[in-house]
Structures are given as C-alpha cells and as structure tokens.
There are 2 protein chains.
Amino acid sequence: MPSIPLTTPTARYDIVIGSGLLRTLFPRLCKLSNGKPFRPFIVTSPEIWELWSKSILASFPEPPTVLFLPSGEAHKRLASVEALAQQLATAGADRDSLLLALGGGVIGDITGFLAAIYMRGIPYVQLPSTLLAQVDSSIGGKTGVNLVAGKNLIGSFHHPLAVFADTDLLGTLPSAELRSGLQESVKAAIIRNPRLFRYLEQNSQAVLAGDADALTRVVAASVRVKADVVSQDELESGLRMILNFGHTIGHAIESATKYKQLLHGQAVGWGSIAAAHLSLSRGAITQNEFDRMVNLILLYGPLPAFTAKAAKLVELTGSDKKKRSGRRAFVLTTGIGSTEVVYDVTDAELLAATESMLARMQQVTSKPSARSRKK
Amino acid sequence: MPSIPLTTPTARYDIVIGSGLLRTLFPRLCKLSNGKPFRPFIVTSPEIWELWSKSILASFPEPPTVLFLPSGEAHKRLASVEALAQQLATAGADRDSLLLALGGGVIGDITGFLAAIYMRGIPYVQLPSTLLAQVDSSIGGKTGVNLVAGKNLIGSFHHPLAVFADTDLLGTLPSAELRSGLQESVKAAIIRNPRLFRYLEQNSQAVLAGDADALTRVVAASVRVKADVVSQDELESGLRMILNFGHTIGHAIESATKYKQLLHGQAVGWGSIAAAHLSLSRGAITQNEFDRMVNLILLYGPLPAFTAKAAKLVELTGSDKKKRSGRRAFVLTTGIGSTEVVYDVTDAELLAATESMLARMQQVTSKPSARSRKK
C-alpha cells in the first residue's frame, strides 16, 4: 500500500493510499498516537456517514462522537466552525482529543481549521472521501473557510497527523466528481511528472472506469507531486505556487459563475488550458506540447461550457490571494513536467490567453449534462 | 529604553518599553519591515483612538486605515473577527499588510487572532494600552476569542513582529485598572523574580502613584519574566504553565461572577492567595514567605469582595483548559521566586485552600467602590 511521506520544518506525516483503510482505522490511529490515550471525534456529513459508518465503527472499541456538517461550499464559514467548536466544548473535548475529517474538500478544510484553532490547536487526521480531496485538498496543511469577500480568506496552516486516502470511497463518487478530481492529477502531471502524464494519456479507459489499481496509481503519483512540493515549501513562499497552475483563471471562472456551474476541477481544467495558451504564446512550450496538454485535459472532461467575458475573468484575477503588493504571480508551463513562476504577465497577455481558451470552448461544445451526477 | 528579546523556535522579536513610542511609531515599523513596503491597518476602540490618534498620526506620512472594535470582553467573539476580516478584504488588505493592535487585552487578543488567520497569517504589532496588556497579554503569541462554552477556547499561537509598550498610555488608566495589572507583576515576582518582589514591597507608593521610572522598571521586570518563560516553552507544554500561578482559582472566580464583578488582575490576586494557601498547607513555603506574598498582593489591592461558594469555585476549575486528559495541572509556589507544577492536587485540597482564601476575604473587607473607574 503506497505510503508517501510529507516533511516540513514543523511537521512530518504520511499519506497512505489504498483499499480498506477505513475498516482498519482505529488501530492505525492508536499507532499514530504512540499509545497515548486520545478521544476521537468524527466530523462528517449525514450522507457520507450513512454510507461509511458501518466500515468505520467496525474497528472502534466504542463508538466515537460524531459531529455533523451540512454538505456544500455555502457552509464553509466561520459560523460552522463556531458551532462545531461549541459542540466540542460541550462534549468536553480537550487537547488530547483527535478530530477525524471524513469527507470532501469542504469538510477537510473546515475540520482542519477547527483543529487549528480549538484550544489553540489539537491534532486531526484527514479521511478524504472524494478524488479531489485525496489528490489535493487533504494534503499540505492548508485549512480555512470563506468570507463574503472571497474564498479561503480565513485560515491556517495546520498539518494533519496523517492522511488515509481509502480508495474504496471513490467507488461511490458520481462520474463528474471523479473526472473533476482527475483534472488536479492532470495538473500534477503537467507541472512535475512526465511519467504520470504519459500514464494518463495511455490508460484513460481504466482510470475513467474506476479501475482500482489504475486509480491507486494515479492518486499515489499525484499525491507524491504535491507532498514533494509542500515538503520543499510549506508556506507558499516560492515553489508551492506552482501547484496553482491553471488556478488563476480557474478561480476567476468559479467566481464569475458564482461557484454554482462548474466543479472545482472543471474550472481548473479550463484555467489550465488558458495557462497553456499563455505559455505557448511566450514560446515557453512547443505546439506539440501544447496540443498534448490540451488533449489530455479534454480527455478527462467533458468540461462544461459557461458564459463569461474574457475581460471579466481577467478583472476577477485581481483579487487573487497570490498577488503580493500588486504583483501577480503566474505559473507558466515550460514543458511537460516543468514550470516557471513569473511576475511580469500583463493584463493584455492574460486577456489574449483567456480569449483563446474561450474560443476553444466554443469548438468543443460540451454537453449540457456534463455536471450531471449520473454515472 | 528597555528592549527585551523573546526568542522561540518560530519567532524572534523585541518588547520595547518606554515613553514616546507611539509618537515615533512609523519609523519603528519601517525598521521592522526591513525597508519592504507594508500597508498598516490600526485596530482599536473609538475611546482609545480619541485619546491617542494625534500622537500616532504625527509620525505617519499618510494616515493608516483604522478599524474599530467596541470595547469589552463581550465582543471577543468570532463574529468580531469575521467583521474585521471582511473590512480588511474590502479594503484590499493582502499578505503585505500589517495590523496594529492598539488597546487592552481584548483588542490585542482579537487582532492577533485576526492576523493569525487572515489569508492564513499576516504580521501584526502589539501596542498595548493597559498595564495588564503591557506586562502580560500582549506578550507570548497567545491570541484568540471566547465561545459561549468558555473563554479563549478558540485561538492560535501567533507572535507579533514587536511589542511597543508605551508607558505614556498608562497615565490615562483608571486606578483600579492600574492596580489590577500590577497583580500580574506581583505574580511574576512570586514565580520567578525575588528582586522584583522586594522592589514591589519597598516602592509601592511610587508605583501606585504612577511614577514613570518606577512603572517602567516594574513593566520591564515583569515582561522579562514572561519573555524568558515563553522563550523556553512557547507552546505551553511545560514551563509556561507556571505563568498560570493564581489562575486556576482566578479563572473560576471570574466565571462564577460572570466576568462582571472583578477585573482579571483582581481575580488573579484572590486566586494567588488561594494558591499560596495550598502551597503553605503542603509545606512548600514557610509561614513568613506566605505572609509576605499575601501582604504584597493586598498592598496592590484593594481586591473587591465577591460572593461564591468554595465548592462552586472548585467545580468551575474542572473546565480549565490546562487539564489534560483529566489531570489537573496546578502551579505551587515553593518560595519567593520559585514554583513547581504538580498534578496530584485533590479537590479536597483545593477546597480547603479556597475556603482559607474566602475567610481571608472576610477579614480584609474591601470597599464596595473598589472597581470604581475614578482615580
């Protein structure tokens, strides 16, 4: 079973990927806590608990306290964190408690942040239930919630004690969510792993069919990219920015469509196409590399169409957190598996790349049912 | 001007104590930021701003944005943090912004926490305006807010870039607040500084009259105790617990009186008397040491009387954050300037010590006007 270490100046933990992790959770937690007593609290949604409680409870000598969060980005707010904290306090949770985040990105981000600030920090473990959470959001210690003014504007760096990515959970995912998560794997391949890129090119059928071995391999390779980058730059002062490839325009698309039309990975897919256009126009990649990238992104589509003006999207990049004192950091691809962060991308360049991406969208006309939850 | 360094594995900064610091703030901030551009935001209360805006604005080339918080513990909640964060985002604050916490403990704790979680952490500077904040709460990186379930249950460790404790600010403090703050200095003396203990014994007139030199000396010595302890144990895993001398019963008193009857330092004063009783009953201190401690605490009173049963106070210590998996940490004094943290204090011992403290309270019958804001 792949176990990938993540090491930073302040934390050291493993991301374990495989089947049957939930069913053997309690002994794994005991090992993590080195025999010290701990009191587990599970944070999850009613839907996920309904599906997986039996597997989880099987390994626990007594059932842990379960705290519920409603699903969805709308609940990723300080009010949810406060309500959970109040429940923890009422249940007598202290610094020897252990939070278990069982869910997708929203639950992981909220629970991680709750763990970061409850009694100034208690430990937690990530149990990501979606592909997106397994390959991206559960790893790296970024936690937080949204403000009305913008996404993830409130948060902390707080690493989990471990991430257990149980690939059994992926079996119940709607196809669109699986494909959305795979866009982050495609991104990982573009920025840092040519081998994963080729694997994704050559094995799309098995991967998209949810073949267990193929998925485990893709998840593990994607996790390795992220863990490797975060290990080298925990606080996003440099290298970690490359993980935002495709996210400058991707975030703008999510904002322009009010986070309702596209899944995160779908927006990142379009954003990656825009970033590839910009890289091509600068001569940073060849036409052949560009074509392979765009083809791979679309292979893991369909990416649903949306309506937004290029100028509006560029305007929306202005509030990106990655801007520092007015300078916009932009991640270029400089070949399959390599990147460069630049600070001199002009609005005109970004506009041209966004327009090229929108023109491509017209060509590929995706089906309106693309975000359908049916498999 | 005394400048006391605080060094932890993750931070290194100075606590500067003296007159005229606010008037020379801007050049001091420029020095802190090493010439890098920064955008200052002041968080304060309307009352404090009314008194000190002129001094502060004098040194700024252009006026900084000012965000207001209403005064008082009731506003130390996540809702205040969210409202301030929203204002920061709307004003375009990014990671190169710098928050300035101008106020007492509540403003310092909220602003520090806001800085800890806005965009996952931005820098801030403490400008404590009360004696309590100057000698205690502004130092050490503990930040946070209250839950309905209890005080400071939500928070972060986030150190400021610097603390500028301008002693001019103490001139406008009501006498009761000055005396309340001095209880933390008495505590610092009891746990770690026999010289400060003697100075407080021998110079109470000058200190209580607000003599600038005497106050600077007391603030600097108290800060040194705290900075020294925090430097050795940033995250309160061991030594830092000694700073909670008097706080086990002190917090219980505040809770029993709903945080409305006593100032924090006054509750700590009574709590310190209870802790001294417990230490005496264990033979950890001599009768003479006990008498000197209680006399010094009362010298910096009056401590107002309150009504609470000893059993209730002991019960209220049960929710103390410092309990770990059911074990109560208790800080004993083992002589003037020395302490020991023990884990075997029984409820019966705590009850007896609390009853002795309450009996002492009957003897010293403080005036009902003790919390009056008049000088």
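What you are looking at is a predicted structure, and each value in this text was computed from that prediction instead of being measured. Letters A, B, ... mirror the listed sequences (proteins, then strands); counts begin at 1.
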Interface moiety of A:F38 toward chain B, non-hydrogen atoms closer than 4.5 Å: neither
Salt bridge (Lys or Arg N to Asp or Glu O under 4.0 Å) partners for B:R240, two or more places apart: none
Which portion of B:T10 sits near chain A, non-hydrogen atoms under 4.5 angstrom: neither
B:R77/B:V148 under side-chain contact (heavy atoms from CB on, under 4.5 Å): CA gap, chis, key distance, verdict: CA-CA 9 Å; B:R77 298 295 303 273; B:V148 171; 3.6 Å; yes
Greatest number of heavy atom pairs closer than 4.5 Å to chain B - which of A:A89, A:G144, A:G121, A:S156: A:S156
Listed partners of B:T65 passing side-chain contact (heavy atoms from CB on, under 4.5 Å), at least two apart: B:R39, B:F41, B:L67
Structural part of B:A116 lying under 4.5 Å from a heavy atom of chain A: backbone
Residue of the set B:L114, B:V81, B:I107 for which side-chain contact (heavy atoms from CB on, under 4.5 Å) holds with B:L69: B:I107
